[in-house]
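None of the values given here were measured: they were computed from a predicted structure.
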Amino acid sequence: MSSPSNFQLRARMPALLLSLLGVLGGLMLSSPAAAQWKWRDAQGRVQYSDRPPPTTVPDRDILARPAAARTTGTGIVSSPSVAGASGPVSGSTASAVPAPAAASAPTAGETRRRAQEDATRRADEERQARQRADNCARARDYARTVESGQRLTRTNERGEREFLDDGQRAAELRRAREVIASDCR
């Protein structure tokens, strides 16, 4: 059996890369690091952490919780892994924040996991920023088109083209400006 030619390797490269990316994506999604807290801070920025947000963050600003986390009647968020590790909690300290574990140097695996989480978070933020910039550009183009005065059409539910009247044009312009205000920062 002869070794594959350079051309054969190049032809198979996209399929190999896609399968490798699929496997890596599946590993990242199935890892415990995927169970993260996600909340919006006071400045409106989305924050990610493996720990619950500060108690000053209102419940409505918590965007995602790990599946194992639950909210108790007192508003304290607990996780079975945290509660089980610290043992029973006495009545006088039930509302206190659990004491941090003994300080020790992070292991190599923990350091790698944190670096991977940071890279994933940065990639997600960059993707969202690109999407906002794309939405902003499209909304600005559409607003210019609506403001130009040229006749605009839309397809109705029966598949027929109909022209926009002045009220519909004003509504479209208002909608475009709302997108511009939210995505063009």
Please report the interatomic distance CZ(R161) to CG(N156), rounded to the nearest 0.5 Å.
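It comes to 11.5 Å.
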Nearest-0.5 Å distance that lies between atom CZ in R113 and atom OG1 in T120:
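Spacing of CZ (R113) from OG1 (T120) equals 11.5 Å.
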Please identify each residue that fulfils side chain to side chain donor-acceptor pair (under 3.5 Å) with [X], with sequence neighbours left out.
X	value
R144	D141
Q150	none
E147	R177
R132	none

Is any NZ, NE, NH1 or NH2 atom of the basic residue among [X] and [Y] found under 4.0 Å from an Asp or Glu carboxylate oxygen of the other?
X	Y	result
R174	E178	no
R121	E125	yes
R130	D134	no

Looking at residues at least two apart in the chain, or sitting in another chain, which of them share a side chain to side chain contact (heavy atoms under 4.5 Å, CB included) with [X]?
X	value
Q43	D41, R45
D61	R40, V57, P58
R122	D118, A119

Under the salt bridge (Lys or Arg N to Asp or Glu O under 4.0 Å) test, which residues partner R154, sequence neighbours left out?
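By the salt bridge (Lys or Arg N to Asp or Glu O under 4.0 Å) rule, R154 matches E172.
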If the condition is salt bridge (Lys or Arg N to Asp or Glu O under 4.0 Å), which residues does R169 pass it with, not counting sequence neighbours?
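Not a single residue meets the salt bridge (Lys or Arg N to Asp or Glu O under 4.0 Å) criterion with R169.
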What are the two closest non-hydrogen atoms of I62 and W39, and how far apart are they?
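Nearest pair, atom of I62 first, then W39: CA-CB, 3.9 Å.
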Looking only at non-hydrogen atoms, find the nearest pair between R65 and W37 and report the distance.
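Looking at all heavy atoms of both residues, the closest pair is CG-CZ3, 3.3 Å.
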Heavy atoms of other groups near D166 CG, more than 12 under 6.0 Å
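It does not: D166 CG has 12 such atoms or fewer within range.
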Do Q36 and D50 have side chains that get closer than 4.5 Å, going by heavy atoms?
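They are in contact (side-chain heavy atoms under 4.5 Å apart), so the answer is yes.
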Which pairs, with at least one residue in residues 134-185 and sequence neighbours excluded, count as a disulfide (SG to SG under 2.5 Å)?
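Every pair satisfying disulfide (SG to SG under 2.5 Å) with a residue in residues 134-185: C136-C184.
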Is Y48 isolated, or which residues cluster with it under the ILVMFWY side-chain rule of less than 4.5 Å, directly or via members?
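Result for Y48 is V46, L63.
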Residues sharing L152's hydrophobic cluster, by side-chain heavy-atom contacts under 4.5 Å among ILVMFWY, directly or via others?
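Taking Ile, Leu, Val, Met, Phe, Trp and Tyr as members, L152 shares its hydrophobic cluster with Y142, V146, L164, L173.
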